[in-house]
Asks: 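Following this message is one structure expressed as structure tokens.
Chain letters run A, B, ... following the sequence lines, proteins first, then strands; residues in each count from 1.
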Amino acid sequence: MNPFEKYSVEMINNKLDLTVLEGSYLPEIFPHREREIDLMAKTLSSVFHNSRPSNLLIYGKTGTGKTSTTTYVTKMLKEKDPEGIEIFHVNCQVFDSPYSILVEIANALTQTNEDKIPGLGWPMDRIYSELLKRMNRSRRFMVVVLDEIDKIIKKNGPDALYVILKLSDDSTVTRTSFIGITNDTGFLESLDARVRSRLNQESIMFPPYNASELRDILKLRISNISGSKPIDDSALNLCAAIGAQEHGDARKALELMRIAIEVSIRDGTTKVTDKEVYRARDKFEMDVMREAVATLPPQSKMVLLSAVVTQEMDSSMMFTGEIFENYKSICRELGFAQLSSRRISDILTELEDFGLLTTSTKSQGRYGRTRFIRVAGNYFDVKRYLVEDKDLEKFRGTGIGKQARIDTTVPLDSIPPEKIDEKIRDIWDATPSE
DNA sequence: ACTCCACAGGAAAATTGGGGTA
DNA sequence: TACCCCAATTTTCCTGTGGAGT
């Protein structure tokens, strides 16, 4: 018997479809967001008076419904006038330079089988004029949603946005408006005045949900689940409470509920109780960490491995220098080229951003000023994820450039140190691409 | 008051590899 | 094929810094 039979049958028998609890699900009703939706609609409604809507800046913490309400409102706007309005949603975490964003928009504007602009190689001004050419042909209102807009500034400096926002001046035929979404409340201050005044023509703040608001959201979503699984009221309240604790995060509350239901199905319990929610929370934390580790670039994985090993050797505080030293020997051992200490410093910051490390800069007087670093959460779990990771387990040549593997049939010792990088390059060049 | 450790983190140069053109 | 342009990534070089030691 297929081992999945038991579980899938229950899914089918109960007609349980949990997609309404997933992050990508776009609801039709947004409880406690009436004010925000109205404000957004009021701003965008300028298109019906044939004038360009003001640019809009939306802020609020994660899971306060910024992205989904914006998606909903813009979708409704387009429904009102499908011919005259074009909506683009750009996730700036994926497309994080002005270059890639302009290319993305230009390629989305492709009509018929016009050539796609390659993601690399073209000069910036050519992309810009090509985009303008394509835009001015369509004779429409265009609304560009820049989701996680703070990422652009963070990666490219304050001038990056200026180039993009200039589009609304230069596109004479197509009137272009921007909606920026960010969860960084200090974002505005990091902009210089000209960009700020352009972007912040209107702004909407999304306040965090409180526990009772989260409960309303959960109730509404659950009522949309086709099929049923009994859910204790207290379990529902618990999800809401945890979500409220986490800066009013609806996404987390919904995700917890989804996992709790899955746990309940897997364990064959008759209903979802507090116990399932608590187990869901543990599973959630671990999944987040596992995912974060798995998606790291190979070099970051090695730095993290070094941190784990360093902490294991000496459970007291460790600092940047120790991690760098151990990182170097791990590289030697595994046959990876090593990056400079400056780069490792940045990677450590990145790992902190991912929540895998916690750091605090401390001054030790005579003994220098450095960051003290801890592996976040249970370092044994992190180590397990790393050890079972294929990048660190086998080092098959799936990396690129310097990240490729050294041929283990050639003892590392037989290569003079100054030739090692060259050797890696040779092997990489000889590696047949897939 | 002055030094100086061990870095943090900014700026600029250098390297890398895709893409275009001749 | 050789060569130039470009963005992205990494290295090199650099200045700044909090406070224990002297």
Asks: So A:S97, base contact, sugar-phosphate only, or nothing? Heavy-atom distance under 4.0 Å.
Replies: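 Counting heavy atoms under 4.0 Å across all strands, the contact made by A:S97 is with sugar-phosphate only.
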Asks: Whether A:R366 contacts B:dC5 is assessed here as follows: a side-chain N or O lying under 4.0 Å from the phosphate OP1 or OP2. Is that the case?
Replies: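 No, because none of the side-chain N or O atoms of A:R366 sits under 4.0 Å from OP1 or OP2 of B:dC5.
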Asks: Nearest to the side chain of A:Y99, heavy atoms from C-beta on, is which of B:dA8, C:dA7, C:dA20?
Replies: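 Of B:dA8, C:dA7, C:dA20, C:dA7 is nearest to the side chain of A:Y99.
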Asks: Please report the distance, rounded to the nearest Å, between CD1 in A:I344 and P in C:dT12.
Replies: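 My rounded result for the distance is 13 Å.
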Asks: Could you tell me how far apart A:F336 (CZ) and C:dT10 (P) are, to the nearest whole angstrom?
Replies: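 Between P of C:dT10 and CZ of A:F336: 13 Å.
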Asks: How would you label the contact of A:S363 with the nucleic acid (heavy atoms, under 4.0 Å): base, sugar-phosphate, or nothing?
Replies: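 Here A:S363 touches the bases of the nucleic acid.
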Asks: With respect to the side chain of A:L339, which nucleotide from C:dT10, B:dC7, B:dC4 is positioned closest?
Replies: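 Nucleotide nearest to A:L339's side chain: C:dT10.
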Asks: Let me know, please, whether A:R342 or A:E322 comes out on the 5' side of the other along DNA chain B by nearest nucleotide.
Replies: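 Nearer the 5' end of the strand: A:E322.
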Asks: If you measure only the distance, is there a donor-acceptor pair under 3.5 Å linking the side chains of A:N183 and A:T62?
Replies: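 There is no such pair between these side chains.
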Asks: Take atom CG of A:L348 and atom C1' of B:dA8, then tell me their distance rounded to the nearest Å.
Replies: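 Rounded to whole Å, this separation is 11 Å.
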Asks: Could you state the atom-to-atom distance from CZ of A:R343 to P of B:dA8 in whole Å?
Replies: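 So the two atoms are 14 Å apart, to the nearest Å.
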Asks: For A:Y72, give me all partners under ring pair (Phe, Tyr, Trp, His ring centres under 6.0 Å), at least two apart in sequence or on another chain.
Replies: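 So A:Y72 forms a ring pair (Phe, Tyr, Trp, His ring centres under 6.0 Å) with A:F30.
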